[in-house]
Amino acid sequence: MSERKKTTIVLFSGDYDKAMAAYIIANGAAAYDHEVTIFHTFWGLNALRKDSDIHVKKGFLEKMFGKMMPKGADRMGLSKMNFGGAGKKMIQHVIKKHNAMPLPDLIDMAQEQDVKLVACTMTMDLLGLQKEELMDYIEYAGVAAYLGDAEEGNVNLFI
């Protein structure tokens, strides 16, 4: 019997469309019985942020980062043609029209398929994000843990 294939994705981008692509690939790989890891770093961490205000103690710079970054996957902007949010509304309309899954649903599906969602702890420290501000049921690790997964990976992507 052959070993399960492994797919790893570094989600660096905080753009809705790029995060959506990462999660579509992750869910597809999981459906093909791959062991999948998405390592969220820098702006990609926004996909894991809770969409509500979480009150945690922070310094001035950490508070500023928190206010400037979108809270949650559904508030992320597009990489191109965002037009102050109008482009995103158009994309969401098209997604709904074609009965496609929006990003928050893709994230839920990934969790249901046991895709390992990892938040980069170094980036969390840099941006002042705390575990309470991120989704439940995710993992926290540094680059060494990602490299351990990627080293065994059959498919390794950077988005």
Side-chain angles (χ1 to χ4, degrees), residues 2-54 66 69-80 82 85 87-127 129-159:
S2 64
E3 254 186 59
R4 280 179 81 189
K5 291 188 176 190
K6 294 186 180 188
T7 296
T8 67
I9 300 170
V10 173
L11 182 55
F12 175 81
S13 175
D15 297 322
Y16 186 92
D17 48 323
K18 291 178 183 177
M20 202 167 160
Y23 274 91
I24 289 169
I25 293 167
N27 281 311
Y32 280 102
D33 201 35
H34 286 218
E35 188 177 316
V36 183
T37 299
I38 304 177
F39 185 76
H40 300 75
T41 190
F42 284 91
W43 317 122
L45 282 169
N46 291 320
L48 297 178
R49 287 187 76 191
K50 292 178 180 172
D51 59 5
S52 57
D53 285 328
I54 307 295
M69 296 186 307
K71 288 186 180 111
D74 218 24
R75 295 187 180 162
M76 295 164 66
L78 293 180
S79 61
K80 304 278 187 233
N82 196 39
K88 172 121 174 280
K89 286 189 187 333
M90 289 169 50
I91 285 289
Q92 288 174 320
H93 174 73
V94 170
I95 288 169
K96 190 174 186 174
K97 181 180 175 183
H98 290 276
N99 293 319
M101 294 182 88
L103 181 56
D105 293 350
L106 290 169
I107 294 170
D108 290 344
M109 178 187 268
Q111 286 186 304
E112 289 168 12
Q113 293 196 88
D114 294 323
V115 170
K116 184 162 60 167
L117 306 182
V118 182
C120 176
T121 52
M122 183 202 71
T123 304
M124 287 175 64
D125 289 344
L126 288 174
L127 300 178
L129 288 172
Q130 296 178 24
K131 289 181 180 181
E132 295 84 359
E133 296 176 273
L134 301 181
M135 296 171 51
D136 298 327
Y137 313 112
I138 62 171
E139 297 183 29
Y140 300 89
V143 71
Y146 167 74
L147 290 173
D149 285 343
E151 188 172 49
E152 300 172 4
N154 304 88
V155 178
N156 299 302
L157 304 172
F158 186 90
I159 300 174

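Closest heavy-atom contact between Ala47 and Ile107: O-CD1, 3.5 Å. Between Ala30 and Val115, the shortest heavy-atom contact is CB-CG2, 3.9 Å. Pro104 and Tyr16 get closest at one heavy-atom pair: CD-OH, 4.2 Å. Between Asn27 and Gln113, the shortest heavy-atom contact is OD1-NE2, 2.9 Å. Lys18 and Ser13 make their closest contact through CD-OG, 3.3 Å (heavy atoms, listed as atom of the first residue, atom of the second, distance). The two residues Asn154 and Lys5 come nearest to each other via the heavy atoms OD1-CA, 3.2 Å.
A distance-only check finds a donor-acceptor pair linking the side chain of Arg49 to the backbone of Pro70 [under 3.5 Å]. For the pair His40 (side chain) and Val118 (backbone), a donor-acceptor distance under 3.5 Å is present.
Within the model, atoms NZ of Lys97 and CE of Met90 stand 11.5 Å from one another, a figure rounded to the nearest 0.5 Å. The distance from atom CG of Leu157 to atom OG1 of Thr7, rounded to the nearest 0.5 Å, is 7.0 Å. Between the OH atom in Tyr23 and the CD atom in Gln111 there is a gap of 7.5 Å [rounded to 0.5 Å]. Taken from CD in Gln130 to CG in Leu127, the straight-line distance is 12.0 Å, to the nearest 0.5 Å. Separating the CE atom in Met20 from the CE atom in Met101 is a distance of 9.5 Å, to the nearest 0.5 Å. To the nearest 0.5 Å, atoms CD (Gln92) and CG (Asp74) are separated by 5.0 Å.
Counted within 6.0 Å of NZ on Lys50, heavy atoms from surrounding residues, nucleotides or ligands total more than 12; the atom is thus considered enclosed.
When side chains are defined from C-beta on, Leu45 counts as touching Met124, because their heavy atoms get closer than 4.5 Å. Using a 4.5 Å cut-off on side-chain heavy atoms (C-beta onward), Lys116 and Glu35 make no contact. Between Ile25 and Val155, every side-chain heavy-atom pair lies at or beyond the 4.5 Å cut-off. For the pair Ile91/Asp17, no side-chain contact is recorded, criterion being any heavy-atom separation below 4.5 Å from C-beta on. Trp43 is not listed as a side-chain neighbour of Asp15, based on a closest heavy-atom distance of 4.5 Å or more. Between Ile95 and Leu103 there is no side-chain heavy-atom pair separated by less than 4.5 Å.
With Phe158 as the fixed residue, the ring pair (Phe, Tyr, Trp, His ring centres under 6.0 Å) test singles out one of Phe42, Phe12, Phe39: Phe12.
Remark: Asp53 engages Lys71 in a salt bridge, criterion side-chain N to carboxylate O under 4.0 Å.
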List, one per line, each side-chain donor-acceptor pair under 3.5 Å for residues 134-148, sequence neighbours excluded.
from: Tyr146; atom 1: OH; to: Thr8; atom 2: OG1; distance (Å): 3.1

